[in-house]
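The block underneath contains the structure these notes are about, expressed in structure tokens.
Below, read A as the first sequence line, B as the second, and so on, with proteins coming before strands; counting in each chain starts at 1.
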Amino acid sequence: MAQSQVPVTVLTGYLGAGKTTLLNRILSEQHGKKYAVIVNEFGELGVDNDLVVNADEEVFEMNNGCICCTVRGDLIRIIEGLMKRKDKFDGILVETTGLADPGPVAQTFFTDEDVKARTRLDAIVTVIDAKHFFGQLEQGSEAEQQVAFADVILLNKTDLVSPDELAKVEDRIRGINRYARIFHTQNSQIALDAILDKGAFDLGRILEFEPDFLHSGHDHHHEDEVRSLSITADRPVDPDRFQKWMGALLQIKGGDIFRSKGILAIDGAPRRYVYQGVHMMMDSDWGTPWKDGDKRSSKLVFIGRNLDGDNLQRGFDDCLK
Amino acid sequence: MKIDLANPAWQQTLPPARSLATAAPVAACAFNRDGTIVGFALGDGQVRLLPADIKAATPDAADPLHKGVVLSLVGDPAGDGFVSGGDDGRVLRIAADGTATELLALKGKWFEHLVAHRTGAVAASAGKSMFLFRDGEVREFGPHPSTVAGLDFSKDGSRVACAHYGGITVWSLSKDVALPPRRFAWQGSHVALRWSTDGKFIATGTQENDIHVWRVAQATDMRMQGYPAKVKSLSWTADARWLYTSSQPVFTAWPFSGKGPEGKPPLQFGDEGAGLITVVAAHPSAEFVAGGYDSGELQLGDIRTRRSVVLKMADGAAITCLAWSPDGFKLAVGNDRGDLLTIDLRR
């Protein structure tokens, strides 16, 4: 039986940033839709909903020799269980703990065939406490990773900081991830269509997530700082050379590359070639056809740690015709 | 039992069956101890009980017993009905007349796996714990390193093995002698477990599409690879000579007689082309095996002759559970669309 894939929205953010408030909002608003919610702590949600499931955040290493390949074992199990319900639902919301690395959640949707057959990762939404963000960055790599993985960022509690402070926080976020959509919110107040059904991992919609080139982030980066960058090319791409280069790159640097996506103008191909990845895992497909008059250029986006833009550009240039 | 798969009648016509459509995915099915009732665990909280006699009238549906999905079901080894587990955190004992009594309720837990032993014991898993129901008592074993993803009794019912991340744990159930649990380690996540019918081996399926098998006495192990999907269904033959595994397009059996399967290929037979086997169930006494496919096809195979026949045509709804009646004449089948099927093989 052909079943449509249920969209999954991953909700990350530090403790106290406003995730639970956002979840409550989603569950209590009159939108006529039904969501299953996978949370870490029962009882935090004020809404009575029999589709709220408690997760244990069990991060499993895959026994396949790939060290950064970790998945959420509990998520695989819970999704399988949810699919046994007679009453279907419109989407699944996964709340991670405040200190969670979003990597294993995202990779679960690339790795597990059963999960892939039933669901699709829609977007990673990160809620940030504008007042405490800088402090949280100091406390470890989690806050930075959560920003790096995000497709949508709710810069929350903007009423608790001055416009000046807010601009500094936003600037810092942009320094890490300049491709995410940022919304300023108070009390996690946001239109649901801003965070749900975004298709951020949909290869067919990668074009909708065109990088924001107009923004000028500061260019001073420490070696280990998480940042985002894009590289481009106007000459057609040799598919074999690209495959080899990207394969080697992810093999060596996959642990440092949180997200990557790209649109390629393959030599002689009538369609765009699109891909996107999380760490070492990648999905790719043929996208929309090039039309007459389209500028056939390629663009790759990376978000990660220890990224050397010049080196990446040189490597990519070697893949061109 | 007179089933000759070479007989043209078997090849040409589907056997008589009772079929009922419920529209709620079927998570598990089982016969009761004496084989008179067949139970189906449904995705709407119902445990549907039907007479095993396919010619008997079909009773009306009763009210749901669980709030949510009935995730697991076994024939009650200490009664005339069943024991069920749900995602409402409850384990129920269901009498043959459908009345239920609660054995355990744990808020927020999912009772995903249940196994029964003929001595009357039932073991269930929820989260990181295993629960033993015996002689009117409930005992908890654990916690395991992760959520228990499969469990089974030893042949004599004195132990239970639980699969989890990083390997399996074998618990001695004796109340008189408290033995520490034995841990058999193998990296990765183990997602299904079956103890061999002779008690000598424990087999698991892994997240990485492998099979792992331990020799219990020697604590040595072996790994079988080459599956295109996770092996979530494992079934030992009654004589423990073969281990059937799902996730192949044909019946796939590893030989465990003599020196075991090391260095040998599995025996494969049956009709290809119906997709992948999702559930496999060895016959309780004879050398037959039933396999349900993700396409909905159901095949019956005979390992002696390597013949197979189609018992149910592919209809696109993946088969999710299979159960043989204790006498081996009937087969219960459920799928993810909510069809409940009872097939009578005496023709």
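- Note: V69(B) leads V69(B), V191(B), N209(B), N335(B) in heavy-atom pairs under 4.5 Å with chain A.
- Put simply, CD1 on I76(A) and NZ on K230(B) are 5.0 Å apart, with the number rounded to the nearest 0.5 Å.
- Looking only at side-chain heavy atoms (C-beta outward), E80(A) and K232(B) come within less than 4.5 Å of each other.
- In this structure, chain A has a heavy atom under 4.5 Å from the backbone of T22(B), while its side chain stays farther away.
- Here the shortest heavy-atom pairing between V53(A) and W110(B) reads CG1-CZ2, 3.4 Å.
- When each of A27(B), S146(B), S189(B) is scored by its heavy-atom pairs under 4.5 Å with chain A, the top score falls to S146(B).
- Within a 6.0 Å sphere centred on CD of E262(B), heavy atoms belonging to other residues, nucleotides or ligands number more than 12.
- In terms of heavy atoms, K86(A) sits closest to A23(B) at CG-O, 3.5 Å.
- Without hydrogens or angle criteria, Y165(B) side chain to G73(A) main chain gives no donor-acceptor distance under 3.5 Å.
- Between the CZ atom in R118(A) and the CG atom in D336(B) there is a gap of 6.0 Å [rounded to 0.5 Å].
- In plain terms, the two heavy atoms of R85(A) and G68(B) that are nearest each other are NH2-CA, 4.0 Å.
- Annotation: residues 106-114 of chain A contacts chain B through D112(A), D114(A) [non-hydrogen atoms, separation under 4.5 Å].
- Ranked by heavy-atom pairs shorter than 4.5 Å toward chain B, the options D56(A), I78(A), D74(A) are led by I78(A).
- Between atom CZ of residue F60(A) and atom CD of residue Q187(B) there is a gap of 14.0 Å, rounded to the nearest 0.5 Å.
- Not a single donor-acceptor pair under 3.5 Å links the side chain of E208(B) to the backbone N or O of M62(A).
- Atom-to-atom distance recorded for D87(B):CG and K84(A):NZ is 9.5 Å, nearest 0.5 angstrom.
- Annotation: side chain of E58(A) is in contact with side chain of T147(B) (closest heavy-atom distance under 4.5 Å).
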